[in-house]
Amino acid sequence: MEPFSFEKLPEVIRILFEKVEHIEELLQDLQPKDPNENELLTTQEAAEFLKVTVATLYTKVSRQEIPVSKPGKRLYFNKSDLKKWIIASRKKTAMEIRKEAEERMKILNKHKNFV
């Protein structure tokens, strides 16, 4: 790429932005698509998927701990929602917690220096 002047900066940024968007689209196309991702599961299927008993699943539903749909008397679980729920429930490692604490302390120290 040839050197550019300050006046051409907006155009260069636009081109760069378009290239980044194109790269993102290519990366999304590379990700494997699960045809069953939005599959609806029955209570029994959801319990098997989560590897818990049906009673445990009902307990989580009654405590509103798990994403569920109830059109009428039956419960249905979206497989992708259950996967997201599992991922969101991930516990942080001690290293991750320590790193977050250090970053927050840096921010607090910077704030104290400005006050």
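In terms of heavy atoms, E45 sits closest to L40 at OE1-O, 4.0 Å. Contact detail for E96 and T93: the closest heavy-atom pair is OE1-N, 2.9 Å. Residues F77 and T42 share a closest heavy-atom pair of CD1-O, 3.9 Å. In this structure, A47 and L57 approach most closely via the heavy-atom pair N-CD2, 3.8 Å.
For Q64, the CD atom counts as loosely surrounded, since its 6.0 Å shell holds 12 or fewer non-hydrogen atoms of other residues, nucleotides or ligands.
Note that CG of L108 and CZ of R104 are 9.0 Å apart. Values are rounded to the nearest 0.5 Å. Here the straight-line distance linking atom CZ of F49 with atom NZ of K83 works out to 5.5 Å at 0.5 Å rounding. To the nearest 0.5 Å, atom NE2 of residue H22 and atom NZ of residue K19 are 10.5 Å apart. Interatomic distance, CD1 of I13 versus NZ of K8, reported as 14.5 Å (0.5 Å rounding). Between S89 atom OG and K84 atom NZ the span is 14.0 Å, to the nearest 0.5 Å. Atom CG of D81 is separated from atom CG of L41 by 10.0 Å, given to the nearest 0.5 angstrom.
A continuous path of Ile, Leu, Val, Met, Phe, Trp and Tyr side chains, each step under 4.5 Å between heavy atoms, connects W85 with V52, placing both in one hydrophobic cluster. Taken together through direct or relayed side-chain contacts under 4.5 Å among Ile, Leu, Val, Met, Phe, Trp and Tyr, Y76 and L50 form parts of separate hydrophobic clusters.
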Show your reasoning for whether side-chain contact (heavy atoms from CB on, under 4.5 Å) applies to Y58 and R63.
CA-CA 9 Å; Y58 277 122; R63 292 181 182 166; over 6 Å; no
How far apart are the C-alpha atoms of L9 and E7, what are their side-chain angles, what is the distance that settles it, and do they pass the side-chain contact (heavy atoms from CB on, under 4.5 Å) test?
CA-CA 6 Å; L9 187 60; E7 291 79 26; over 6 Å; no
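Salt bridge annotation for R14-E18: present, with a cationic side-chain nitrogen under 4.0 angstrom from a carboxylate oxygen.
Between M95 and K99, every side-chain heavy-atom pair lies at or beyond the 4.5 Å cut-off.
With no hydrogens or angles considered, no side-chain donor-acceptor pair links T56 and T59 at under 3.5 Å. Looking only at atom types and distance, the side chain of E24 has no donor-acceptor partner in the side chain of Q28 under 3.5 Å away.
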